[in-house]
Amino acid sequence: GGMASLSRFKGALVGAVLGDCVGGEFEGAEEVPMENVLRHLNGLDDETKGDGTLEYSDDTAMARCVVQSLLTRAGFDEQDMARRFAKEYSLAPGRGYGSGVIQVLKKLSSSQLSDVYQPARDQFNGRGSFGNGGAMRVAPFALAFPDLSDVKKYSRSGAMLTHSCSLGYNGAVLQALAVHLSLQGALELPAQFLDKLISEMEEVEDEEASRNDARALKEAEKPFCERLYRLRDLMDRSKVSIEEVICELGNGIAALHSVPTAIFCVLHCLQPRESLPPHYGGLERTMAYSLALGGDTDTIACMAGAIAGAHYGIEVIPEAWMKCCEGAKEAEVTAQRLHALYHQRAQGG
Ligand code: R7I
Ligand code: MG
Ligand code: MG
């Protein structure tokens with residue numbers, strides 16, 4: 001489809017759900033042989049399996065809250081979004097939330113809360129979380145706001161409801177930017193796509209709070225930029241092993257160790273790869289490759305799925321995969337409403 005087409009919106013939202021659902025199988029595994037990944041994915045074609053047998057986790061549970069809030073409020077409303085996170089957690093606490101964020105979600109249900117950002121600031125001795133929980137749910141921001149500056153501003157605020165450390169919320173900004181650009185067709189020119197991400201993140205990470213956090217955590221001056229430069233080096237190599245990717249970019253629950261990794265998965269899988277079945281399309285390759293990295297597989301596949309889905313569109317997503325994944329059909333339906341909101345805003349409505 002063309003720029004910001006309905007197919008791309010559906011692809012982004014459904015791609016994220018798929019990644020979360022199929023990635024759950026290997027979450028926390030140290031390394032996953034590709035053989036096991038392919039067996040798992042081939043199993044999804046089994047007709048005898050029931051609908052929605054692969055349940056979504058916190059990644060999708062929170063993304064659904066983001067979607068519902070953005071649609072209901074026709075924009076970003078921090079009170080409303082915080083309330084939805086808290087309510088969702090109280091109704092289904094067993095979706096695999098990060099161990100730290102649970103405290104935030106409990107505090108957010110309190111009715112006498114004057115500042116919805118305060119519970120997040122109290123995390124980890126006042127530094128805030130650098131986990132990838134802000135980034136894993138951020139795709140809907142890119143689907144609701146056509147302006148790049150709005151995507152940056154609101155994805156940051158949305159992440160700060162639970163992640164007040166810049167190494168957490170800047171990861172969300174990076175992921176939102178990647179989905180935004182992919183939606184515009186920017187992955188047709190991968191090198192320029194990456195250049196654009198780097199130039200945007202150079203600006204984002206120039207802020208004082210970012211510099212202070214990076215210094216305190218003994219990271220590079222601009223940690224996400226540094227990772228994006230490493231990513232560029234990896235892309236330029238003719239061959240790169242899974243071990244090298246894990247070593248250079250990471251596969252963990254920190255946003256810094258997973259968002260650049262997810263972007264790499266998408267870029268690496270734009271073309272056929274020897275290690276992957278030749279009949280796989282780009283989205284299937286991206287999913288398989290993300291799972292093979294091990295570590296935080298549900299979240300890395302979820303983020304890669306959103307970016308890849310925005311690029312390839314809904315048509316390439318196997319029907320059998322859709323059927324197996326809880327919430328995938330619903331995501332396809334709600335994507336239409338985000339598409340309408342986006343184009344209404346784009347026309348200044
Ligand atoms: O970031 P968050 O929402 O977790 C998301 C992850 C995804 O993989 C989901 O699929 C789910 O499995 O969890 O939750 P947080 O609790 O804020 O952060 C996740 C973890 O990162 C924490 O439980 C800590 O182990 C670690 N972490 C930190 N550790 C030390 N110091 C995050 N921030 C810090 C920190 O500042
Ligand atoms: Mg999860
Ligand atoms: Mg995860």
Side-chain angles (χ1 to χ4, degrees), residues 16-30 32 54-66 81-82 84-86 88-89 92-108 117-139 155-156 158-175 209-210 212-219 223 250-259 261-262 265 287 290-291 293-306 325-327:
V17 176
L18 243 50
D20 181 15
C21 291
V22 303
E25 172 84 4
F26 303 110
E27 191 178 18
E30 213 152 285
V32 187
L54 295 179
E55 290 181 2
Y56 62 72
S57 78
D58 58 329
D59 304 47
T60 300
M62 294 193 90
R64 288 170 83 244
C65 296
V66 172
M81 200 171 282
R84 287 174 193 273
F85 288 156
E88 169 62 32
Y89 174 71
R95 293 267 187 195
Y97 288 86
S99 55
V101 78
I102 289 171
Q103 289 177 54
V104 179
L105 297 172
K106 284 179 180 162
K107 288 186 195 170
L108 286 177
Y117 293 105
Q118 193 55 45
R121 286 192 207 107
D122 295 339
Q123 293 295 94
F124 299 99
N125 302 314
R127 184 174 294 138
S129 171
F130 52 61
N132 56 21
M136 72 187 183
R137 62 174 189 252
V138 84
S155 63
R156 181 181 195 269
M160 285 175 92
L161 289 169
T162 49
H163 292 68
S164 77
C165 177
S166 63
L167 277 93
Y169 63 72
N170 282 344
V173 173
L174 173 57
Q175 168 66 11
S210 299
N212 290 341
D213 285 342
R215 207 173 301 123
L217 289 161
K218 297 192 169 52
E219 291 291 346
N251 64 359
I253 49 172
L256 188 62
H257 303 154
S258 51
V259 180
T261 311
C265 291
M287 286 290 153
S290 306
L291 304 200
L293 293 179
D296 194 358
T297 47
D298 67 332
T299 304
I300 292 172
C302 170
M303 297 190 294
C325 297
E326 180 193 11

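Note that ligands are numbered from 1 as they come in the structure, with each ligand's atoms numbered from 1 the same way.
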Notebook entry, point to check: To the nearest 10°, how many degrees is the angle Asp298 OD1 to the Mg ion (ligand 3) to Asp296 OD1?
Noted result: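 Angle OD1(Asp298)-the Mg ion (ligand 3)-OD1(Asp296): 90°, rounded to 10°.
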Margin query: How large, to 10°, is the angle at the Mg ion (ligand 3) when you draw lines to OE2 on Glu27 and to OG1 on Thr299?
Written below: 170°
Item checked: Under-4.0 Å heavy-atom contact with ligand 1, by part of Phe124 that carries it ->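 Contact part for Phe124 vs ligand 1: side chain (C-beta onward).
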Check: Looking only at heavy atoms, is any part of Ile102 under 4.0 Å from ligand 1, and if so is it the side chain, the backbone, or both, or is it neither?
Finding: neither
At what distance is the nearest protein heavy atom to [atom], and which residue and atom is it?
{"atom": "atom 11 (C) of ligand 1", "value": "Asp58 OD2, 3.0 Å"}
{"atom": "atom 33 (N) of ligand 1", "value": "Phe130 N, 3.0 Å"}
{"atom": "atom 23 (O) of ligand 1", "value": "Ser99 OG, 2.8 Å"}
{"atom": "atom 25 (O) of ligand 1", "value": "Ile253 CD1, 4.0 Å"}
{"atom": "atom 5 (C) of ligand 1", "value": "Asn132 OD1, 3.3 Å"}

Which ligand 1 atoms are under 4.0 Å away from a heavy-atom of [X]?
{"X": "Gly133", "result": "1 (O), 2 (P), 3 (O), 5 (C)"}
{"X": "Gly128", "result": "36 (O)"}
{"X": "Ser129", "result": "15 (P), 17 (O), 18 (O), 32 (C), 33 (N)"}
{"X": "Gly100", "result": "16 (O), 23 (O)"}
{"X": "Asp298", "result": "10 (O)"}
{"X": "Asp296", "result": "7 (C), 8 (O)"}
{"X": "Thr299", "result": "7 (C), 8 (O), 9 (C), 10 (O)"}
{"X": "Asp59", "result": "9 (C), 10 (O)"}

Notebook entry, point to check: Do Ser258 and Asp296 have side-chain atoms, one donor and one acceptor, less than 3.5 Å apart?
Noted result: no
Margin query: Could you measure the distance from the OG1 atom of Thr162 to the CD atom of Gln123? Nearest 0.5 Å is fine.
Written below: 9.0 Å
Next item on the list: Just say parallel, tilted or perpendicular for the rings of Tyr97 and Tyr89, cut-offs at 30° and 60°.
Entry: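 Answer is perpendicular, since the angle exceeds 60°.
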Notebook entry, point to check: Closest to the Mg ion (ligand 2), which N/O/S atom of Asp59 is it?
Noted result: OD1
Margin query: Let me check your reading of the structure: within less than 2.8 Å of the Mg ion (ligand 2), is there an N/O/S atom from Asp58?
Written below: yes
Next item on the list: Mind running side chain to side chain contact (heavy atoms under 4.5 Å, CB included) on Glu326 and Leu54 for me, showing each step along the way?
Entry: CA-CA 6 Å; Glu326 180 193 11; Leu54 295 179; over 6 Å; no
Next item on the list: Counting heavy atoms only, name the option from Met136, His163, Glu27 that's nearest to atom 2 (P) of ligand 1.
Entry: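 The option holding the nearest heavy atom is His163.
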